[in-house]
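Let me begin by presenting the structure, written as structure tokens, before commenting on it.
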Amino acid sequence: MPNSHRIPYLLVDAFTEIPGGGNRVALVLDARGMTTEEMQLVATRLGQPQAAFVTDWDGTGFGVRFFAANGEVEFSGHAAVALALTLAREEKLPAGIKKLYLRTIGESLKVELEDGRALVQSPSPRFRDPPSWKVLQEFIEVMGANERYLHRGLPYGITFTGLWTLFMPVVAPGLVDALEPDMEKLAELSEKLEVATVHVYAPYGPRRFYARTFAPALGIPEDPVTGSPNAALGALLARAGVVPRWEGAVNLTVTQGHRMGGPGQVEVRVEYGPAGNILGVFIGGTAVVAENGVVELGGSPN
């Protein structure tokens, strides 16, 4: 374990250039020798919804583990973006390197760095059968609204790029912000449907969307600006044919966080093969360091 039981950490805000905006994540850049239990303890002690730990490295490859409030998750998009940019800024990469790989517990994911931004490959998209309209009605009612909010021309469904997420299209951004979920009931519905997060989105321009993400089943009532669900949203829109497949790659923009006072922006890129099959989904953005310190296991951050 690095420095005995003194663990240096950084708090980094992803998908923003302003400290306090976007989505904050705790990063431990040297977690060699730490056990799963110690990582979870540090993640809990740092008081952030999610944390990422670099467990080993070799050249441009980095072993990474991600933790949420209630345990380890396969992937965290905002944490991956924040981590890649922080590794570059902290000079943990070989000079001049613009491409690296994050070895997660699921896949090895490619990251491209350019002009202070990171573009991170998400885990391969997976899809489940969409829920019934009755189930959608149950979810929208628990959020304090009704089925008139739902957009009939955009896809709903359950998709995975690191977390199984239910997607619910809403008519307009203002209606997204008007939602007031009963978090306890939403957690119950999420667990019953076996999804980790609920992503509500609305169109507001060509290939532009506004969204909110609720994850009470993970111990996170609302996630300000998310990575993994927005990657999955890109995959869902592409699979449904909402964005054209003949372009080779389609770029989308998702804005989040305004309702929570920390706005941020996520870039999503979906790449296609000649037959229109999805080859990969990437999420991108900026990040800024908000705080650094040391946490002692058994002590408190300082």
Side-chain angles (χ1 to χ4, degrees), residues 1-3 6-32 34 39 41-57 60-69 73 75-102 104 109 111-120 220 223-228 230 255-258 260-267 282-297 299-302:
M1 185 185 305
N3 298 326
R6 292 175 57 81
I7 315 297
Y9 69 89
L10 297 163
L11 300 185
V12 181
D13 295 329
F15 302 127
T16 182
E17 297 178 1
I18 302 171
N23 199 351
R24 183 161 293 182
V25 62
L27 303 179
V28 174
L29 301 186
D30 186 354
R32 290 175 296 179
M34 290 182 69
M39 291 182 205
L41 177 59
V42 169
T44 302
R45 290 284 315 290
L46 291 176
Q48 302 304 314
Q50 296 194 349
F53 296 80
V54 178
T55 57
D56 62 271
W57 57 88
T60 59
F62 294 82
V64 184
R65 294 177 68 180
F66 302 100
F67 288 80
V73 295
F75 178 70
S76 171
H78 77 284
V81 168
L83 177 60
L85 289 169
T86 303
L87 288 171
R89 290 170 183 169
E90 296 291 317
E91 299 181 345
K92 302 293 185 181
L93 299 174
I97 290 297
K98 297 295 182 181
K99 185 181 295 184
L100 62 140
Y101 293 87
L102 301 180
T104 72
L109 304 174
V111 182
E112 299 173 5
L113 301 173
E114 186 174 355
D115 298 328
R117 309 178 84 79
L119 193 65
V120 180
I220 305 170
D223 212 6
V225 190
T226 56
S228 176
N230 281 317
T255 301
Q256 275 189 269
H258 286 77
M260 299 183 72
Q265 185 167 287
V266 184
E267 302 158 9
F282 295 77
I283 48 171
T286 57
V288 59
V289 175
E291 180 185 317
N292 63 74
V294 175
V295 61
E296 288 193 44
L297 293 183
S300 58
N302 56 61

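Keep in mind the model is a prediction, meaning the values are calculated, not measured.
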Practice task
Report yes or no: does R45 contribute a side-chain atom to a donor-acceptor pair with the main-chain N or O of E296 at less than 3.5 Å?
Solution key: yes
Side-chain donor-acceptor contacts of residues 79-92 below 3.5 Å, not counting sequence neighbours, with atom names and distances?
residue, atom, partner, partner atom, Å
T86, OG1, A82, O, 2.7
R89, NH1, A287, O, 2.4
R89, NH2, A287, O, 3.1

Practice task
Nearest 0.5 Å please: distance from the CZ atom of R32 over to the CE atom of M34.
Solution key: 12.5 Å
Problem - Reported CG-to-CG distance for the pair D56 and D30, which is rounded to 0.5 angstrom - result: 10.5 Å
Practice task
With sequence neighbours left out, write down each residue that passes side chain to side chain donor-acceptor pair (under 3.5 Å) with E267, or none if nothing qualifies.
Solution key: R117
Practice task
Working to the nearest 0.5 Å, report the span between OG1 of T286 and CG of D115.
Solution key: 12.0 Å
Practice task
Applying ring-ring contact (aromatic ring centres under 6.0 Å, His included), name anything that partners F67, two or more places apart in sequence or on another chain.
Solution key: F53
Practice task
Return the minimal non-hydrogen interatomic distance between Y9 and V28, and the atom names on each side.
Solution key: CB-CG2, 4.3 Å
Practice task
Quick one: pull up OG1 in T104 and CG in L109 and give me the separation to the nearest 0.5 Å.
Solution key: 5.0 Å
Handout entry: Short side-chain to backbone donor-acceptor contact, Q256 and T226, under 3.5 Å
Key = yes
Problem - All side chain to side chain contact (heavy atoms under 4.5 Å, CB included) counterparts of P224, not counting sequence neighbours - result: N23, M260
Problem - Nearest-0.5 Å distance, CD1 of residue I283 to CZ of residue F75 - result: 4.5 Å
Practice task
Find out whether V288 and E17 are in side-chain contact, i.e. whether some heavy atom of one side chain is under 4.5 Å from a heavy atom of the other.
Solution key: no
Problem - Neighbour count >12 (heavy atoms, 6.0 Å) for atom CD1, I97 - result: yes
Practice task
Apply side chain to side chain contact (heavy atoms under 4.5 Å, CB included) to T55 and list each qualifying residue two or more places apart in sequence or on a separate chain.
Solution key: M39, R65
Completion exercise
When every non-hydrogen atom of G262 is compared with those of V225, the smallest separation belongs to O-CG2, 3.8 Å
Exercise for the section: Please list, chain by chain and in numerical order, all residues satisfying side chain to side chain donor-acceptor pair (under 3.5 Å) with R24, sequence neighbours excluded. Expected result: D13
Handout entry: Distance (rounded to the nearest 0.5 Å) between H78 NE2 and T16 OG1
Key = 12.5 Å
Completion exercise
Note: A52 and V64 closest approach over all heavy atoms is CB-CG1, 4.3 Å
Exercise for the section: Locate the shortest heavy-atom distance separating L29 from W57; write the atom from each residue and the value. Expected result: O-CZ3, 3.7 Å
